[in-house]
A.B. asks: 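Here you go, one structure.
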Amino acid sequence: MTLDEMKRQAAAKALDHVSDGMKLGLGTGSTAKHFIELLGERVSGGLKVIGVPTSETTRTEAERCGIPLTTLDQIDRLDLTVDGADEIDGALNAIKGGGGALLREKIVAAASDRMIVIADDSKAVETLGRFPLPVEVIPFGLAATQRAIAKAFAETGVSGQMKVRKSDGGHVFVTDDGHWIIDADLGRISDPPRLANALTTVPGVVEHGLFIRLASLALLAGPSGIRTIERR
Ligand code: 5RP
């Protein structure tokens, strides 16, 4: 089975948690795209749901699939968000933002009663940090923000190279909200909640890709089927 087939399997399994009338957060990335396509098929078959997209790419994709959309200004809470992840550990802490949508993804997940992470099994790790941590920043004062981030890293026992993310054409990658992303190659994050708190206090940091206690379930597809991690 290919990686992409595994992603689709995880996405298909998440549909078991969707029922008529639900308000859904729609994630971003290649795994979330499978979920949106499969959800679109159910919507064509009569399922009534409404979605809030976590990126402009996802908005376009959901519209293409015929999924009715709304915004967090028009509704109160979401029942469920289904999204991918770059890494997830056994405590359901995750690194997200590889696709650059971490800010909206976190706002949407935090406004949801439940978040399900869908991924292929390779995203499951014992300790977060192998995947570079995305930190979304305001372009103004970048060097000062980077120094403050390095200080926050040192105070929480991590270190590593920081790189401003570039898009394929070599230009600085700009998020849907006009920010930049610093990818921090930390290798190992021994205390993710502590690092998350430290980064939150840095002026210039808009958001970071550590999703702490937001997911309640992970559906991880491997060659021999789906493995689940559930919040205890
Ligand atoms: C986007 C994300 C994605 O969910 C994450 O990068 C995983 O992507 P994929 O499903 O393509 O592996 O956080 O900001």
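The chain is numbered in sequence order, starting from 1. In listed order, ligands and their atoms are each counted from 1.
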A.B. asks: Go through ligand 1 atom by atom and flag the ones less than 4.0 Å from a non-hydrogen atom of Gly29.
C.D. replies: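 Answer for ligand 1: 11 (O).
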A.B. asks: Show me which atoms of ligand 1 lie under 4.0 Å from any heavy atom of Thr28.
C.D. replies: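 Those of ligand 1 that fall under 4.0 Å from Thr28 are 1 (C), 2 (C), 3 (C), 4 (O).
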A.B. asks: How far is atom 9 (P) of ligand 1 from its nearest protein heavy atom, and which residue and atom name does that atom have?
C.D. replies: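 Sorting protein heavy atoms by distance from atom 9 (P) of ligand 1 puts Ser30 OG, 3.3 Å first.
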A.B. asks: How far is atom 12 (O) of ligand 1 from its nearest protein heavy atom, and which residue and atom name does that atom have?
C.D. replies: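 I find the closest protein heavy atom is Lys123 NZ, 2.7 Å.
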A.B. asks: Given the rule in the side-chain contact (heavy atoms from CB on, under 4.5 Å) test, do Leu133 and Val158 qualify, once you have shown the distances and angles that lead to the verdict?
C.D. replies: CA-CA 11 Å; Leu133 178 67; Val158 295; over 6 Å; no
A.B. asks: Does any pair with a residue in residues 80-89 pass side-chain hydrogen bond (donor to acceptor under 3.5 Å, both in side chains), and if so which ones, sequence neighbours excluded?
C.D. replies: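 Of all non-adjacent pairs touching residues 80-89, those that pass side-chain hydrogen bond (donor to acceptor under 3.5 Å, both in side chains) are Thr81-Ser112, Asp83-Lys96.
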A.B. asks: Looking at atom 1 (C) of ligand 1, what's its closest protein heavy atom, distance included?
C.D. replies: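 Heavy-atom neighbour on the protein nearest atom 1 (C) of ligand 1: Glu105 OE2, 3.0 Å.
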A.B. asks: Flag the pair Glu37 and Arg64 as a salt bridge only when some basic side-chain nitrogen lies within less than 4.0 angstrom of an acidic carboxylate oxygen.
C.D. replies: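 Result for this pair is yes, salt bridge flagged.
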A.B. asks: Can you list the atoms of ligand 1 that are under 4.0 Å from a heavy atom of Asp86?
C.D. replies: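 Checking each atom against Asp86, I get 5 (C), 6 (O), 7 (C), 13 (O).
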A.B. asks: Strictly under 4.0 Å, does any heavy atom of Gly100 approach an atom of ligand 1?
C.D. replies: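 The answer is yes, since Gly100 has a heavy atom less than 4.0 Å from ligand 1.
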A.B. asks: Where does Ala85 meet ligand 1, judged by heavy-atom distances below 4.0 Å: at the side chain, the backbone, both, or neither?
C.D. replies: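 Answer for Ala85: backbone.
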A.B. asks: Should the pair Asp183-Arg165 be classified as a salt bridge under the 4.0 Å nitrogen-to-oxygen rule?
C.D. replies: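 Counted as a salt bridge, because a side-chain N and a carboxylate O are separated by less than 4.0 Å.
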A.B. asks: Is the backbone N or O of Ser122 less than 3.5 Å from a side-chain atom of Asp120, with the two atoms forming a donor-acceptor pair by type?
C.D. replies: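 Yes, the answer is positive, given that a donor and an acceptor are paired below the 3.5 Å cut-off.
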A.B. asks: Quick one: look up the protein heavy atom nearest atom 10 (O) of ligand 1 and list residue, atom name and how far away it is.
C.D. replies: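 It is Thr31 OG1, 2.5 Å.
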A.B. asks: Evaluate the side-chain contact (heavy atoms from CB on, under 4.5 Å) criterion for residues Val172 and Lys166: first the C-alpha distance (whole Å), next the side-chain angles of each, then the deciding distance (0.1 Å), finally the verdict.
C.D. replies: CA-CA 4 Å; Val172 175; Lys166 300 271 170 63; 4.2 Å; yes
A.B. asks: If you measure from the Lys or Arg side-chain nitrogens to the Asp or Glu carboxylate oxygens, is any gap between Glu136 and Arg104 under 4.0 Å?
C.D. replies: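 No salt bridge links Glu136 with Arg104.
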A.B. asks: Salt bridge or not between Arg59 and Glu56? Use side-chain N to carboxylate O under 4.0 Å.
C.D. replies: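 Salt bridge: yes.
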A.B. asks: Using a strict cut-off of 4.0 Å, indicate which atoms of ligand 1 neighbour a heavy atom of Gly97.
C.D. replies: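 Here the atoms of ligand 1 in question are 2 (C), 13 (O), 14 (O).
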A.B. asks: Can you name the atoms of ligand 1, numbered from 1 with element, that are less than 4.0 Å from a heavy atom of Asp83?
C.D. replies: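 Heavy-atom distances to Asp83 below 4.0 Å select 4 (O).
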A.B. asks: If the cut-off is 4.0 Å to any non-hydrogen atom of Gly84, which atoms of ligand 1 fall inside it?
C.D. replies: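 What qualifies from ligand 1 is 4 (O).
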